[in-house]
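First comes the structure, then the notes that go with it.
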Amino acid sequence: MTGIVILALAALAAVGFGLYRRHVDGRFVPHADATPTAWDQVAAATPSARAGELATLVQFSSAFCAPCRTTRVVLADVAAQEDGVRHVEIDAEEHLGLVRALDVRRTPTTLVLDAAGHEVLRASGAPQKHQVLAAIAHSAGAPR
Amino acid sequence: MTGGGGIDPRGPRFTASVTAVLLAAALVVPEAVATALVAVLAVLFAIGAGLGVQRTPTGVVFRTLIRPRLTPPADLEDPAPPRFAQGVGLAFAVVALVGYLAGAVLVAQVAVGLALVAALLNAVFGFCLGCEMYLLGARFRGARATL
């Protein structure tokens, strides 16, 4: 009898969580900037990284992460296609201090930084190209 | 981050579907049958974790019988994340097996239930368990190292 209850709970939990994630994944939402700015944190952790003049797409990836690869392809494509947009990819495991400073909880997580290096939006889970383009447009238009 | 040799992403999801059915069955059949099912699952997970999902019996069935009937995949994926997930499944299956053998049926069923959630998320939603756990584990380990 308990087996059936556990089965029902497991099915409910899986469907509920799966639908929630399907809703959240790839969606860019506003997120508070780090101090002093998100880019300052990124640059301190990865000195060789360069920001975009218009926007910077900062991607956190990890091992054993299939959607990270999809995200990499999408973001690299957008960066190649759009002037002034750069893609920076960071291995979360190698930069745990940065992960904590920017409150990154999952991979892939994509941060959209504006021209001044402030974080404007972020998305966890793999975004689609149109979502990334809309996020960049929003961040470029956002008053700072 | 490993650069993938590339497997059809539908293969691991097929394996997860079969796994989900077996795990669900284990929750409703008599204890002795459940113990046997979980033992079989543990062996399957061990093969998947050691050799990769594509070398499990379900992986072989997918490759030889099912995939030829499907259109080619849009993309190939890295086999490492599904292999990690098989390792997680193995851990749950071992806990469940020990639970059944020791008579701790509730413990065993909870372990089966958790594995079932993971298998369903994978089969139905293509959810990447490794992405979730790996970073959390790294953050946890990193935090302890700085104490």
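Quick note: numbers below take in every heavy atom, side chains included, and nothing from hydrogens, waters or symmetry partners. Numbers restart at 1 for each chain; the letters A, B, ... are given by sequence-line order, proteins then strands. Worth saying up front: this structure is predicted, and the values here are computed from it rather than measured.
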Item to check | B:Val124, part contacting chain A, at a heavy-atom distance under 4.5 Å | outcome: backbone
Checklist entry - Given the rule in the side-chain contact (heavy atoms from CB on, under 4.5 Å) test, do B:Val110 and A:Ile6 qualify, once you have shown the distances and angles that lead to the verdict? => result CA-CA 7 Å; B:Val110 169; A:Ile6 290 176; 4.2 Å; yes
Checklist entry - Minimum heavy-atom separation for B:Pro81 to A:Ala66, with atom names? => result CG-N, 3.7 Å
Checklist entry - Do A:Val24 and A:Leu19 share a hydrophobic cluster, counting only Ile, Leu, Val, Met, Phe, Trp and Tyr and linking them when any side-chain heavy atoms are less than 4.5 Å apart? => result yes
Checklist entry - Is it the backbone or the side chain of A:Arg106 that comes under 4.5 Å from a heavy atom of chain B, or both, or neither? => result both
Item to check | Part of A:Leu9 lying under 4.5 Å from any heavy atom of chain B | outcome: neither
Item to check | In one Ile/Leu/Val/Met/Phe/Trp/Tyr side-chain cluster, 4.5 Å: A:Val29, A:Leu133 | outcome: no
Checklist entry - Are B:Phe45 and B:Val53 co-members of a hydrophobic cluster defined by side-chain heavy atoms under 4.5 Å apart? => result no
Next on the checklist: As a quick check of understanding, evaluate ring pair (Phe, Tyr, Trp, His ring centres under 6.0 Å) for A:Phe17 and B:Phe125, giving each step before the final call.
Outcome noted: CA-CA 10 Å; A:Phe17 189 69; B:Phe125 297 98; 9.0 Å; no
Next on the checklist: Please tell me whether B:Leu90 and B:Leu101 are part of a single hydrophobic cluster in this structure, the criterion being side-chain heavy atoms less than 4.5 Å apart.
Outcome noted: yes
Checklist outcome for this item: Closest heavy-atom pair, A:Ala14 versus B:Leu120, reported as atoms and distance to 0.1 Å, is CB-CB, 3.6 Å
Checklist entry - So which part of A:Val104 gets closer than 4.5 Å to some heavy atom of chain B, the side chain, the backbone, both or neither? => result both
Item to check | same_hphob_cluster(A:Val5, B:Val105) at 4.5 Å side-chain heavy-atom cutoff | outcome: no
Item to check | pair A:Ile4-B:Leu27: side-chain heavy atoms closer than 4.5 Å | outcome: no
Item to check | Minimum heavy-atom distance between B:Glu77 and A:Arg69, given as atom pair plus value | outcome: C-NH1, 4.1 Å
Checklist entry - Do A:Leu7 and B:Leu116 have side-chain heavy atoms sitting under 4.5 Å apart? => result yes
